[in-house]
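Below, chains carry the letters A, B, ... as their sequence lines are ordered, and counting in each starts from 1. The model shown is predicted, which means the values in this text are computed figures rather than measured ones.
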Amino acid sequence: MISNAQKSISIFTNKDYYFCNMNIVQLIREAVADSIKNVYPESDNNLDFQINQTKPEFEGDYTIVLFSLVKALKKSPEMIGQEIGDSLIQKNPELFEAFNIIKGFLNLTITDAYWKSLLLKNHNDICFGKQAMNGKKVMVEYSSPNTNKPLHLGHLRNNFLGWSVAEILKASGYEVLKSCIVNDRGIHICKSMIAWQLYADGATPESTHKKGDHFVGDYYVKFNDVYKAQIAELVASGITEADAEKQAPIMQKTQQMLQDWEAGVPEVMQLWQKMNGWVYEGFDVTYKSIGSDFDKTYYESNTYLLGKDIVQEGLDKNVFHKKEDGSVWIDLTADGLDEKLVLRKDGTSVYITQDIGLAKQKYDEYKIDQSIYVIGDEQNYHMKVLKLIAQKLGLPYADDIYHLSYGMVELPTGKMKSREGTVVDADDLVAEMKATAQQHTETLGKVKDFEPNELIELYETIGLGAMKFYLLRVDPKKKMIFNPEESIDFHGFTGPFIQYTFARINSILRKESSFVAAPSNNTLLKLEKEVIYNLEQFGAIIMEAAKTLNPSVLANYLFHLSKSFNSFYTEHSIGNAESEDKKNLRIQISMMTANVLKNGMQLLGINVPNRM
RNA sequence: GGUUCGGUAGCUCAGCUGGAUAGAGCAUCAGCCUUCUAAGCUGAGGGUCAUUGGUUCGAAUCCAAUCCGAAUCACCA
């Protein structure tokens, strides 16, 4: 009958719990649950209680909110707090050193020993915070460009988000495949092809010294200019606008070209391949510069016929129905949606059908457990329909389709409109950010001894870091405002702020190459403890970011950690600490902070420089 | 009109699984570089958490209604 006590001792003393994979909140939760069980043997085993970080104005590290226990245990909060607090300290002296009760809040102080051993164990562990592989496979589809125009600011949010989410999932134990579906066919592609045919006079990216994607994009713009003029002309001659849109000669040529493409007319195919080739060359440069990469690229020209067999399957299962003209539909009105076309009367598949086909192909090919689509929130309806149709068809991967929906990027003046030339081009923005980084760096003059190639790399690191951080620091699902002035500010809640914190730590650590970590015997000062306290949360933050597919959780955390370290850095000397013991401890804090900042930024796709 | 999402400081955003006096950054103002990188640190001012009602020990957070904004509702992709 001593098993209970024995058990708790074996968990909390012998098994050196500091070093297990559990985070402090989980440890506290178990310890409190255990204490409740011991102090109130009659109580329900699954009592729920909340653990918060203790507010700075109170004494303590973590706080148990007692109100929820009051009803179940039929005692006053003060009484419960006292009894649980006594029990916690008595049973887990390694973990808890003090407590106080204010109103219904039990504030617990964690022992210095816990913090110091956490630090000693993990200060140089580059895997700190990461989870072991869990055997699950996830595909993250992102970027998804059209081959008729260059990438813009909106694509950048998509790319950074997709890349970061993939890395965060890897860090939390998933095997991740990054994929991309290239929208390389369709009427919009034919528009730039027609315009090139009519107006380019044989010009090429080489002959005009233009980047391929921009070159092709110019003809897409040209098409729209001509098209608009032709419509205006027709309307002026007394034709309705709707008819004018159909009758405009350039549009009719484009429609014809699409048909020729689908028929495989050689000249059209050749032109198509040539122009897409130009675009891909341009995209390669852009992707390389922003650090996007893919394990698998799908091309719509290969996938647009997919899904037809599924349509037959749906008809057999009576999930779809055929109308008199031969078109196939699904009725989703019972689910609060509309009737949706899945196959045209001419037998060709539509967008949604292709997507179902591609979803199947991904699943068959890679046996993935989850399929994440990074797509703008304008497609919420489409993705909802996609998943619903897959579910109604009883497809095995239906429930594993997840739309990571993100909000549009707008400018302070409103939405980006290509017509008004307010679209922020990705390449331009990257160049501008690098130039800003260069300008700031030169003004500060701290790296005058750098070689030219080192400087270029540094400007890239800082400029891209600023841009990525700026786009990732807000909750993906919310639309965001891109303020050009604010984005080139490198102070405060920015990527360069965190990079700078890292660089400063590095400059200290460079001088301590022979460092050997040792246990500390001193009590922790407030700012020392605060940094360790924040460091401890890294693993929990990664898990939170993975669970919610939200890199902004990480961005906020890294900023908070940097602030905390900077306060500590300003207040306490590290290299010239008051004692060897303190110096040793503070170097451990510095090393661990550097590791967490570096690894955390890596998960956002941002590098950190050793000097800046 | 239906559906979905949003409205928090002058601006940009956290906080939303209900908890203590709602937090950051920018901007404004006042301080801190002979000492480890001042892209830093310390402090001040700045709020009817859209509005109204409800739920309860307690609401920015949950519920309802209203107002405002956005997306979407194609034989386009």
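When the side-chain nitrogen and oxygen atoms of A:His491 are compared with OP1 and OP2 of B:C26, none of them lie within a distance under 4.0 Å. Residue A:Lys55 places at least one side-chain N or O under 4.0 Å from the OP1 or OP2 atom of B:A20. At B:C73, none of the side-chain N or O atoms of A:Lys340 fall inside 4.0 Å of OP1 or OP2 (strictly under the cut-off). Distances shown here put every side-chain N or O of A:Lys384 at or beyond 4.0 Å from the OP1 or OP2 atom of B:C73. Side-chain N/O atoms of A:Arg344 include one lying less than 4.0 angstrom from OP1 or OP2 on B:C76. Not one side-chain nitrogen or oxygen of A:Arg473 sits closer than 4.0 Å to the OP1 or OP2 atom of B:A24. Residue A:Asn380 places no side-chain N or O under 4.0 Å from the OP1 or OP2 atom of B:U4.
Among the protein residues, A:Glu571 comes within range of no part of the nucleic acid, since none of its heavy atoms lies under 4.0 Å from any strand. If you check every strand for non-hydrogen atoms under 4.0 Å, A:Asn610 touches a base. Note on A:Thr494: nothing from the nucleic acid sits closer than 4.0 angstrom, heavy atoms only. Looking at heavy-atom distances under 4.0 Å, A:Asp325 makes contact with a base. Using a 4.0 Å heavy-atom criterion, one finds that A:Phe105 contacts the bases of the nucleic acid, with or without backbone contacts as well. Residue A:Val474 is classed as a sugar-phosphate contact, given heavy-atom separations below 4.0 Å to backbone atoms only. Base contact: A:Ser327 has a heavy atom under 4.0 Å from a base atom.
Picking from B:A77, B:U42, B:A20 the nucleotide with the shortest atom distance to the side chain of A:Asn183 gives B:A77. Of the listed nucleotides (B:G69, B:A14, B:A77), B:A77 has the atom at the smallest distance from the side chain of A:Arg185. When distances run from any side-chain atom of A:Ile187 to the nucleotides B:C41, B:G19, B:C76, the shortest one goes to B:C76.
Using a 5.5 Å limit on the distance between ring centres and a 30° limit on the angle between planes, the aromatic ring of A:Phe559 does not count as stacked on the six-membered base ring of B:G25. For B:A24, the base is not stacked against the aromatic ring of A:Phe493, per a cut-off of 5.5 Å between centres and 30° between planes.
Nucleotide B:C11 carries an anti base; the chi torsion (O4'-C1'-N9-C4 or O4'-C1'-N1-C2) is more than 90° from 0.
Separating the CG atom of A:Asn52 from the P atom of B:G18 is a distance of 11 Å, rounded to the nearest angstrom. Following rounding to the nearest Å, A:Ile356 (CD1) and B:A77 (P) show an atom-to-atom distance of 14 Å. Following rounding to the nearest Å, A:Glu486 (CD) and B:A24 (C1') show an atom-to-atom distance of 12 Å. For the pair A:Phe497 CZ and B:G25 P, the interatomic distance rounds to 9 Å; values are reported in whole Å. Rounded to an integer number of Å, the gap from A:His382 NE2 to B:C76 C1' is 12 Å. For the pair A:Tyr351 OH and B:U72 C1', the interatomic distance rounds to 13 Å; values are reported in whole Å. Following rounding to the nearest Å, A:Ile375 (CD1) and B:U4 (P) show an atom-to-atom distance of 20 Å. Across the protein-nucleic acid pair, A:Gln588 atom CD and B:C36 atom P stand 23 Å apart, rounded to whole Å.
Judged by closest nucleotide on RNA chain B, A:Tyr500 is the one of A:Val350 and A:Tyr500 placed further toward the 5' end. Nearest-nucleotide assignment on RNA chain B puts the 5′-proximal partner with A:Lys477, out of A:Lys477 and A:Arg510.
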Stepwise ring-ring contact (aromatic ring centres under 6.0 Å, His included) check, A:Tyr373 with A:Tyr142: CA-CA 6 Å; A:Tyr373 294 75; A:Tyr142 72 105; over 10 Å; no
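With hydrogens and angles left out, the side chain of A:Thr63 and the base of B:A20 share a donor-acceptor pair within 3.5 Å. Judged by atom type and distance alone, A:Asn107 reaches the base of B:A20 through a side-chain donor-acceptor pair under 3.5 Å.
Between A:Thr441 and A:Met612, every side-chain heavy-atom pair lies at or beyond the 4.5 Å cut-off. Side-chain contact between A:Phe490 and A:Ile462 is present, with at least one heavy-atom pair separated by less than 4.5 Å. At a threshold of 4.5 Å between non-hydrogen side-chain atoms, the residues A:His560 and A:Phe565 do not count as touching.
When all heavy atoms of A:Ile401 and A:Ala390 are compared, the pair lying nearest together is CD1-CB, 4.2 Å.
In this structure B:U4 sits in a base pair with B:A70, meeting the Watson-Crick or G-U test at under 3.5 Å.
Look at A:Asp355 and A:Lys387 and you find no salt bridge, because none of the NZ, NE, NH1 or NH2 atoms lies under 4.0 Å from a carboxylate O.
Crowding of A:Glu454 atom CD: a count of heavy atoms from other residues, nucleotides or ligands under 6.0 Å exceeding 12.
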